[in-house]
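Beneath this line is the structure, given in structure tokens, with notes to follow.
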Amino acid sequence: MRINCPHCGPRDSAEYTYYGDASRVRPSLTDTGVEHWHAYVHERNNVKGPMQEFWHHLHGCRQWLVVTRNTATHEIGAVRFAKSPVSDTAGA
Amino acid sequence: MSTQSFRHTSGGRIDRTQTLRFTFDGKAYTGVAGDTLASALLANGVKLVGRSFKYHRPRGIVSAGVEEPTGLVTLRSGGRREPNVPATMAELYEGLEARSQNAWPSLAFDMLAVNGLVKPLLAAGFYYKTFMGPFQKSWMWYEPVIRRAAGLGVAASERDPDRYEKINAFADVLVVGGGPAGLAAALAAGRTGARVTLAEQMPSLGGALLNEPAGGAPDNWISSVVAELRALPNVIILTRTTVFGAYDGGTFGLVERVADHKIEPDAGEPRQRYIVLRAGQAVIAAGAIERPIPFGNNDRPGVMLASAARAYLNRFAVLPGRKIVLFTNNDGAYATAFDLKAAGAAVTVIDARVDGGAIASQAAQQAIEVIVGHAVVETHGSPLVQGVALSPYDIATGQCDNGFRRLACDLVAVSGGYDPQVHLATQRGPKAVWDAKRACFVPGVAPDIQSQAGACKGSFATADCIREGFAAGAAAAQKAGATGKPGELRVPDALTANDGSATFVPAWDVIPPKGLREKKRFIDLQNDVSVSDVKLAHLEGYVSVEHLKRYTTLGMATEQGKLSNVIALAQMAKLRGIDIPQVGTTGFRSPYTSVSLAAIAGHETDMHLRPVRRTPFHRWNEQQACVFIDAGLWKRPWFYPRSGEDVNLAYRRETRQVRETVGMVDVSTLGKIDVQGPDAAEFLNRVYVNGWKSLEVGKARYGLMLRDDGYVLDDGTTSRLSEHHYFLTTTTAEAAKVMSHLEWLLQTAWPDLRVHVTSVTDQWGGVALAGPNAKKLLADAIKDIDFSNETFPYMGVRQGHMGDIPVRVHRLSFSGELAYEVFCPAGFAEAMAEFLRDFGKRHSLILYGVEALGALRIEKGHIAGGEIDGRHTLEDLRMEKMASKAKPYVGSVLRIRPEMTSDDRPRLVGLKPVDKAARIKPGMILQPHNGPYKGHGLGHVSSTTYSPALGHSIALGFVIGGASMEGRIIDAVYPLKGDIVMVEVVPPHMFDPEGDRLHG
Ligand SMILES: [Zn+2]
């Protein structure tokens, strides 16, 4: 499996580490709702099909990426920097 | 030395001028260049090559390729010994040494063949029942016997002296298979300019065309295509290379047997090369494997696939038999009869079909007897085939009837049709689909970047293979972005005739007629699985193919269903009264054929397995006779022995000396992160549980970080070097994790914060100087820093110079002594160490390692890796008072859940043995004194040491009740060894609890 890093280009998945669902929304730091944080930290959907995921280009540019991966086929779709919502997208 | 009495004087694709000597079971033979071990054995008339897995029945060579189920041998000896090599794939070389397997005491006289007489013991499900049944204990008794009797070859126990290599490769188009379809595909893709890799598992290109008589139209076609391919600079041809796996994203696993055909690799040459190839597109032209027909005693040496018999004749000029029965259900196998007849053998064709059609007439014209509507019911002879029984046969039901007659022969060539090699296609997901018209499984929807061509897609005629291959190659190149034109590829007329194998009528079983006792009809010759085993599985309620496989061991080991899978499915379908597609088929997983672990490991062995991290003081430490210890990837100084000292003597001396004078320890492995930016203080305030906004420039602070879920992630000190510049340290163990964590927060949670983090672990060397003389020593060594308590207090940070070396000095203490950490740019580390050692002489400086470092910190109750293990909360560590109530921070919400702060959780304590001579061991479980001992008890021991200051063993641990347990006696137990040590629970700070020593 290769991931097309917007900074480094297509690189083997061995260069990356995985950090799961990127669609969940992190509560704001000042949010004191235990349920909100519990949901964010622990609750996951078991998606079959395209899923937005965090991948860290650990052995590359060290950017956190949002990668669209099909969990059924491992097909990699759009990839973007986590810190920039939609720009800098590498080709699907 | 035996002669090659079955070798023809002409024909074949061998070099008779090069005689090669080899041994099989210690006996000397000769072959010629171009032989495989199998062909050389057959040339010498050696037909018995092994004993079967369970029953130790005599077994011979069945095939001429990777599908070989029984002709498995152990090659070479010593560290180069390799078991389970198909003799059909082992190229002959001068000095080859091979041994048969599963025979004891010898191949010809096998004591364990009695297994065949007590077969109920080893019928299907034997293993399963033995493991799972009421007699589980009996496995203890059976196991050594079974291990000796069953199983394949034995792996080498010595070290393999050869090199293995692993490389990454890229191609626009990967073509799998160098037969007619693959060659045509590579040519079409190559002509477009695409980067093409063509991989062929055999030593020569040509595939099934190499089974045709040498020197004819097929050879001319192969050489013209190969010549054109070799002239294309964008085409890489790999022979002896198996594409064993297809993975995500166009990744393929290949193994190239670079030197397996030599007695040993040339200097510098790897034995095998593992290639990870990323392909834009892949054309699979993996061919087909001939399907056997199960009949009685079909495992006897002398029963062979028809295509193999033809291969031995036309590739190797070996006549596999002189009086041959060919049993077929298709036209294609007649070619074998024609060629063997022309080579001088007597041939009788038993055609399972009612009507042999035109091809049968053609055979009759060549004086080949053809008996239609009959089947070979069984073979006889011992140990080799001496004849067959044949009966009138109903191909639809598999039933024989109306008696039988016998026919003498020395070879039974069988063809039950062909099975496309759908392996690589199904590895990627889509299941193979049953093609009722062609009576075989073909690939389902072509997965991702794959396309198929030729026999692996069910197109068996040579002309179809070439046409499909060429079209698939051109299409793949275009999809991969090539713009050149593939042109045309004409199929020579001589090759268009070769399409007789197009159709066949499946023959799934041969049930003997009345009056002929039923003999074992093997489906999987390697694993001794017969028709009756499938019946037994069905009787016992197994309906799924996967379960059938596990129950009977069908398709295990190297067989992997290559010859057995489809027949077993058909039998299961018949027993269940359903169609084959309804039974389903098993998916295939990589590898297609056996891959040596050495090839996968490649060069990543020994010190190359993982990188070694050395601190910038490493060489200097070596010069000080340091003994190192592995800590993750790091080599850390463990202790510095003086003459006669072991680790225990050395670290106790080092620990004592630190508290008496001064010691120096290499702390370069601490994670170091440069934090810069206008929002750095805000950032630190969010990631640490304590407050950071008030930290002044020139000061350091201890901090604890939590994960989002509220557990402690790491601790360390961070200093403020200037207004927007902080120097953060982490523990050695968690350095990488903390760095990723900080990047994660900055890039995903708070991208608005103007902060950059950079790992500078390797850029800074560091030592800690601890002990009463530390200040005096540093004051001598560093002239531009005032070390007085007033100007440089505890937790102060100063920058200055040691000679010309720029240094950062942090006044903090892990040991509880007056102590400093001194950091310098890594390149100055050795110079700084020399400097400090010279200045240290007059202050009785000693060097200490991590063992003493641990003793010092455990005496002080300071937490480290044993305590920060990702499972503890602030309360567990008794550090909850550090947490700010005035601000939110990572983990601040979830850490206060009731379960996290409950008093039922084990909390940090110190432990002292009641008997001062007793030793507390790491990992001991803490239980109530005198029991009852239950489960996880009260907690566990996390860190232990001998305390020179206290004069006995001490430990840190976690106990339910924490501080309230202080003064109580509990038991530290090690159930595996039966150790029980009575310990007193004490506060974690076991030495100098008031901290007086810190201030010197
Ligand atoms: Zn990158």
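Note that the coordinates shown come from a computational prediction; the quantities given were computed from them, not determined experimentally. Throughout, a chain's letter reflects where its sequence line sits, starting with A, and its residues are numbered from 1.
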Interface moiety of B:Thr251 toward chain A, non-hydrogen atoms closer than 4.5 Å: side chain
Which residues, numbered in order, of residues 32-43 of chain A come under 4.5 angstrom of chain B by heavy-atom distance? A:Thr32, A:Gly33, A:Val34, A:Trp37, A:His38, A:Tyr40, A:Val41, A:His42
For chain A, which residues from residues 674-688 of chain B have at least one heavy atom closer than 4.5 Å to it? B:Arg686
Is it true that, when you exclude B:Asn168 itself, more than 12 heavy atoms of the residues, nucleotides or ligands shown sit nearer than 6.0 Å to its CG? yes
Contact class of A:Ser13 relative to chain B, heavy atoms under 4.5 angstrom: neither
Please report the closest heavy-atom contact between A:Arg26 and B:Trp744, naming both atoms and the distance. NH1-NE1, 4.1 Å
Should we count NE2 of B:His756 as having more than 12 external heavy atoms under 6.0 Å? no
Close side-chain approach of B:Trp750 to A:Leu29, heavy-atom, < 4.5 Å: yes
Given a strict heavy-atom distance threshold of 4.5 Å, which part of B:Pro751 is in contact with chain A: side chain, backbone, both, or neither? side chain
Give, for atom CD of B:Glu743 and atom NE2 of A:His56, the distance between the pair rounded to the nearest 0.5 Å. 4.0 Å
At a heavy-atom separation under 4.5 Å, does B:Arg707 approach chain A through its side chain, its backbone, both, or neither? neither
If you draw a 6.0 Å radius around CG in B:Leu609, do more than 12 non-hydrogen atoms from other residues or ligands fall strictly inside? yes
Chain A contact via B:Leu745 - side chain, backbone, both or neither, heavy atoms under 4.5 Å: side chain
Has A:Asn45 got more than 12 heavy atoms of other residues, nucleotides or ligands less than 6.0 Å from its CG? no
Looking at chain A, which one of B:Ser740, B:Gly710, B:Ala736, B:Ser892 has the largest number of heavy-atom pairs inside 4.5 Å, strictly under? B:Ser740
Report which part of A:Leu58 has an atom under 4.5 Å of a heavy atom belonging to chain B: side chain, backbone, both, or neither. side chain
Around atom CD of B:Glu734, are there more than 12 heavy atoms from other residues, nucleotides or ligands closer than 6.0 Å? yes
Name the region of A:Gln63, side chain, backbone, both or neither, that has any atom closer than 4.5 Å to a heavy atom of chain B. both
Region of A:Arg62 in contact with chain B, defined by heavy-atom distances below 4.5 Å: both
Please identify, among A:Asp12, A:Asp31, A:Ile3, the residue contributing the most non-hydrogen atom pairs under 4.5 Å to chain B. A:Asp12
Taking atom NZ of B:Lys166 as the centre, report whether more than 12 heavy atoms of other residues, nucleotides or ligands fall under 6.0 Å from it. yes
